[in-house]
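None of these values were measured; they are calculated from a predicted model.
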Amino acid sequence: MDKLKNSTILYIEDDEITRENISSFLTRKCKNFFVASNGKEGLTLFEKHNPDIIITDIEMPNLDGLSMAKKIRRISTSTQIIITTAYTSQEYLMEAVNLHLIKYIVKPISLPKLNEALANCEEFLEDSVITRINFNTNTFYDTYTKELIKNNEIISLSKTERSLLDLLIKNYPAPTSYEAIDSNVYEFASSKNAIKLLVKSLRNKIEKEAISNVSGFGYNIHIEKD
């Protein structure tokens, strides 16, 4: 993790024991390390040091973690943010998706989970990967979390629908052939009719105009540019 060793990490946690334990682990993982006990202190340290990675609890005094993350996202879209929380409600999960967070860790924090999240951060720091694919103002797909979000709700995708969507996005702006869909989406040989039904199902979940036919060849996906 060479990129991680040269990074700056900001950790925000209001529980003193947890803060001390995790801080002792994180200081060995990065070049520069800063710690805060609430969201207000965390935001001040972010504005001063511009860290590469932020690890923050949600429930904190003065300024909670999600509110702090929203303020940070208005300043930076590249800072990697990891949320730690004891809560697993749909509301919190949706907030995490909308804020484009790298990981959502449920407490108690285990070091293997934290290591995994840091490894994901390093990958994103190296590649500057853009994972949010917008189809319109209300619908987007996150290629990292593999979630389709429409009107702030997670839309359930089948395994084949998700594979097809990933393939169409991977090939964009070039169209994707029937043959490529057959060999990459299905475990066994399929028919054009089966592919058409799959495309129809995916269109209904995104929007009909998002996927167009390329006559005699296959399909193309339409992505909204920023």
For K200, all residues meeting side chain to side chain contact (heavy atoms under 4.5 Å, CB included), sequence neighbours excluded: N204
Residues that L197 engages under side chain to side chain contact (heavy atoms under 4.5 Å, CB included), provided they are two or more places apart: N193
Atom CD of E209: over 12 foreign heavy atoms under 6.0 Å: yes
I'd like to know whether L45 forms a side chain to side chain contact (heavy atoms under 4.5 Å, CB included) with Y11, so could you lay out the CA-CA distance, the side-chain angles of the two residues, the decisive distance to 0.1 Å, and finally the verdict. CA-CA 10 Å; L45 288 173; Y11 177 49; over 6 Å; no
Minimum-distance pair of heavy atoms, taken over all atoms of [X] and [Y]:
X    : Y    : result
L43  : M68  : N-SD, 3.9 Å
I181 : L167 : CA-CD2, 3.8 Å
D182 : I195 : N-CD1, 4.3 Å
V106 : K113 : O-NZ, 4.0 Å

With no hydrogens and no angle check, is any side-chain donor or acceptor of S163 less than 3.5 Å from a backbone partner on T160? no
Is there a donor-acceptor pair closer than 3.5 Å between any side-chain N or O of D64 and the backbone N or O of L66? yes
For I17, the hydrophobic cluster (side chain heavy atoms closer than 4.5 Å, chained through members) also holds none
Between N21 and R19: side-chain donor-acceptor atoms closer than 3.5 Å: no
Pick one: which of N171, N184, N220 meets side chain to side chain donor-acceptor pair (under 3.5 Å) with T176? N171
Considering only heavy atoms from C-beta outward, does the side chain of [X] approach that of [Y] to under 4.5 Å?
X    : Y    : value
F135 : I221 : yes
L118 : L26  : yes
D14  : N38  : no
I133 : L165 : no
K146 : Y141 : yes
I154 : L148 : no
D142 : I149 : no
T79  : I53  : no

With sequence neighbours left out, which residue pairs that include part of residues 39-57 fulfil the salt bridge (charged side-chain N to carboxylate O under 4.0 Å, His left out) condition? D57-K107
So if you build clusters from Ile, Leu, Val, Met, Phe, Trp, Tyr with side-chain heavy-atom gaps below 4.5 Å, do F217 and L164 land together? no
By ring pair (Phe, Tyr, Trp, His ring centres under 6.0 Å) - contacts of F33 (at least two apart): none
Taken in chain and number order and not counting sequence neighbours, the residues that satisfy ring pair (Phe, Tyr, Trp, His ring centres under 6.0 Å) with Y219 are Y178
Value for CD (E207) from NE2 (H222), rounded to nearest 0.5 Å, stands at 10.0 Å
From CA spacing to verdict: side-chain hydrogen bond (donor to acceptor under 3.5 Å, both in side chains), H49, T8: CA-CA 8 Å; H49 300 289; T8 297; over 6 Å; no
Identify the residue among I12, I9, I83 that makes a side chain to side chain contact (heavy atoms under 4.5 Å, CB included) with I54. I12
Electrostatic pair R203:E161 at N-O distance under 4.0 angstrom: no
